[in-house]
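Note that this is a predicted model, so its numbers are computed, not measured. By convention in this document, chain letters (A, B, ...) are assigned in the order of the sequence lines, proteins followed by strands, and residues within each chain are numbered from 1.
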Amino acid sequence: MQDLLRTFLRNRKAAIGLTIVLAYVLIALVAPLIAPFDPIARVGRPHQAPSAEHWLGTTRMGRDVFSQLIWGTRTSLMVGIVAGLIVTAIGTFIGITAAYFGGLVDDVLNFFTNVVLVLPQLPLLLVLAAFLGQVGPWAIALIIGLTSWAWGARVTRAQAMSLKTRDFIQAAAMIGEPTWRMILVEMLPNLLSIIGFNFIGSVIFTIITEATLEFLGLGSPLALSWGTMLYNAQTASAIMVGAWWEVLAPCGAIVLIGIGLSLMNFGVDEIANPRMRTLGNVAKALRIEKRLLRQRMQEANQ
Amino acid sequence: MRFLLKRLGFYAVAFLVAATFNFMIPRMLPGNPADIMLANSGGMIAPEAREALMATFGFIDAPLHEQYISYLGSIFTWDFGLSIKFYPMPVTDVLMQALPWTLFLTGAALTISFSVGTLLGILAAWRRGQLTDAIASPTALALQSVPSVVVALCGLYFLSVRNRVFPTSYAFDPKLDPAFSWEFFSSVAYHGFLPVVTLSVVLVGGYLITMRNNMIGQLGEDYLAMAEAKGLSDARVRYAYAARNALLPSVTALALSFGALFGGSLITEVVFNYPGVGNLLYLGIVGRDFPLIQGQLLIMTLAMLLANLAVDLAYVFLDPRLKRA
């Protein structure tokens, strides 16, 4: 486990990604301490441009954008993590069950997964949210979690299928290990990278989708999140009146956490798949070779 | 042939699942849409219309399975009831007016992003570690995690509001009448440019990364060494040998990306006020137009399934082994 962590941190992309994500987590944890203003109080004139007092300006309601952004980090991260956990749990369970038992179980689960994959997800989420009325962040996390597991189930299944044919798994089955042990002790640890990949990917997806749903006005307008900030900016026509800070601030926050998380995922991918890892080394080797060649040419010229 | 028949059967079942889901949503959730709509219409709908409204949703006075059968019947006769927001237009007509715009938007964006992404992915893998790879791959990675809302809003702000390079809404100049003329088509291109580019930018990263990874997977293969040993040109080995094989998983990934395509188009249409079905869904939700919402969901599902079918056909073409299977 420690080894795994060390390999992870030695990967430059993963380390940068982790730093970004940890910074967000820290901001979320200490939000009440570092937010300069009450995020829902009128603390300035409407649509004030960024200044020393209001770093990211104010909204049409005269609320401090920077404070809203900090508090929004809390909601968006929590929703992302909760939905990510649900997605990963369901996807891993279905994927491993299908691969391990095979046969009819696999046929049924795989069919089900494929059906969910070909349905248009965002419109479906919109319709669900529309019938539920304006819903809070937790309900959004739950809806996204329960509807987005199909992709994870599919990749986990594929990975588990190839794992099943490996010698040590065959041997363990031959010895007569019970099913739960086969799954939890023999297979699960070897699927950690795909599960981690799935989890991080799901967190990105959830953060983006939550913001999208809320932007479209399907979230509770009372919630404090990046999505509702976008929604409020949109209803206040912030873009049209030139109050760019109200729109670009939450956009920037979403983009940066997305980049952080996908850098982590790139790291996970490179660790799990050594062929991807050599890329940096190949480039380095090429550069060294070129330099040597140039040196030799110079020596020959002299 | 058997492969395609199997896929067709699968899509039929998938459509039935979506239709069933559509049938169940209003019945599972609290309240019923007719009452919600009556309450929201502010007197626009006469209380006497309640019965008719209930019937629109298949809430007829009958046991559940009969309701379901009559609902399925209405789908296969292409009858989704009347729209509330565009009363008294039938939902089918409202959707059919919007569908071409969405097909134009998604089709153009898909063509651009898939070809650009795949081509750059091939080059990045072929010259991995070099300049193309060093610039394209991290950019694609970053783009992949940028939501379409953000790209669309930034495009709108920087190119339509701040610098008035492109229009902020509509599919063509409202002063023009749709006609087969240069003026009309250029107006459509001018209004569609930013939405298409926005959507392409959102999608291109995923295709690039997928193709690059597939290509890298092919690089060490013997048949490539063989092709090179035969003295074939670099470009021929790259495109006719490596890329052709690497394209197969990329085409699978293409089918999986249709969800993102339609989702992205929905957002783009809303932000740019583009008159496609996505924008219609949004208007329907805001206006509590439930027949429109449900009809839209079915159309969207149908579009997804047809797109997947097209990918299956492409797959058979690219992988001749499937023809014999």
Side-chain angles (χ1 to χ4, degrees), chain A residues 13 111 114-124 126-133 151 154 204 207-209 211-212 215-218 227 230 233-234 239-240 242 244 247-248 250-252 254-255 257-263 266 269 273 275-276 278-287, chain B residues 10-11 13-14 17-18 21-22 25-26 29-30 33 36 128-130 133-134 137 141-142 144-150 153-154 156-157 161-162 168 213 216-217 219-220 255-256 258-260 262-264 266-267 270 278 281-282 284-286 288 290 293-294 296-297 300-301 303-305 308:
Chain A
K13 285 184 197 127
F111 182 81
N114 283 336
V115 167
V116 176
L117 273 177
V118 291
L119 299 182
Q121 196 183 7
L122 191 63
L124 205 66
L126 279 176
V127 171
L128 261 180
F131 275 103
L132 283 169
W151 185 83
R154 185 166 164 150
I204 303 177
I207 290 178
I208 290 178
T209 311
T212 306
F215 166 74
L216 292 174
L218 293 161
L230 282 176
Q234 178 79 354
I239 282 193
M240 297 299 166
W244 50 269
V247 178
L248 294 193
C251 282
I254 297 170
V255 170
I257 183 97
I259 289 176
L261 285 165
S262 26
L263 279 174
F266 232 51
D269 203 24
N273 189 351
R275 247 203 253 223
M276 301 284 144
T278 50
L279 297 187
N281 301 344
V282 170
K284 212 180 286 167
L286 277 173
R287 272 199 300 275
Chain B
F10 169 73
Y11 294 135
V13 178
V17 171
F21 199 67
N22 216 356
I25 293 176
L29 299 173
I36 298 177
R128 56 181 175 158
Q130 294 180 34
D133 189 30
S137 305
L141 174 74
Q144 232 185 338
S145 45
V146 179
S148 25
V149 187
V150 170
L153 284 175
C154 290
L156 181 72
Y157 175 67
V161 177
R162 190 151 203 186
T168 56
N213 290 356
I216 289 177
L219 287 185
L256 286 177
F258 286 138
F262 285 113
L266 203 163
I267 303 303
V270 172
L281 176 64
Y282 175 67
I285 287 173
V286 173
R288 297 261 157 193
F290 289 102
I293 295 174
Q294 294 203 295
Q296 200 277 353
L297 191 61
M300 216 53 154
T301 310
M304 277 280 279
L305 296 180
N308 271 283

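- Taking CG from A:Leu218 and OH from B:Tyr282, the interatomic distance works out to 8.5 Å, rounded to the nearest 0.5 Å.
- Distance check, rounded to the nearest 0.5 Å: CG of A:Leu248 to CG of B:Leu153 gives 8.5 Å.
- For A:Phe266, the part lying under 4.5 angstrom from a heavy atom of chain B is the side chain only.
- With values rounded to the nearest 0.5 angstrom, A:Leu128 atom CG is found 5.0 Å from B:Phe21 atom CZ.
- With a 4.5 Å cut-off on side-chain heavy atoms, B:Val150 and A:Ile208 do not count as touching.
- Residues A:Ile204 and B:Gln144 have side chains not in contact (no heavy-atom distance under 4.5 Å, counting atoms from C-beta outward).
- Going from atom CG of A:Leu126 over to atom CG of B:Leu266 covers 5.5 Å, rounded to the nearest 0.5 Å.
- Shortest non-hydrogen contact noted between B:Ala14 and A:Val118 is CB-CG2, 3.8 Å.
- Here the closest heavy-atom approach between residue B:Ala18 and residue A:Leu119 is recorded as CB-CD2, 3.6 Å.
- The minimum heavy-atom distance between A:Pro123 and B:Gln296, with the atom names listed, is CB-OE1, 4.4 Å.
- Here B:Thr301 is the residue among B:Val146, B:Thr301, B:Val270 with the most heavy-atom pairs under 4.5 Å with chain A.
- The two atoms that bring A:Leu117 and B:Met304 nearest to each other are O-CE, 4.1 Å, heavy atoms only.
- Contacts of A:Val247 with chain B are made by side-chain atoms alone, with heavy-atom separations under 4.5 Å and no backbone atom involved.
- With a threshold of 4.5 angstrom between heavy atoms, A:Leu261 does not approach chain B through any atom at all.
- Taking CD1 of B:Ile285 as the start and CG of A:Leu216 as the end, the distance is 7.5 Å to the nearest 0.5 Å.
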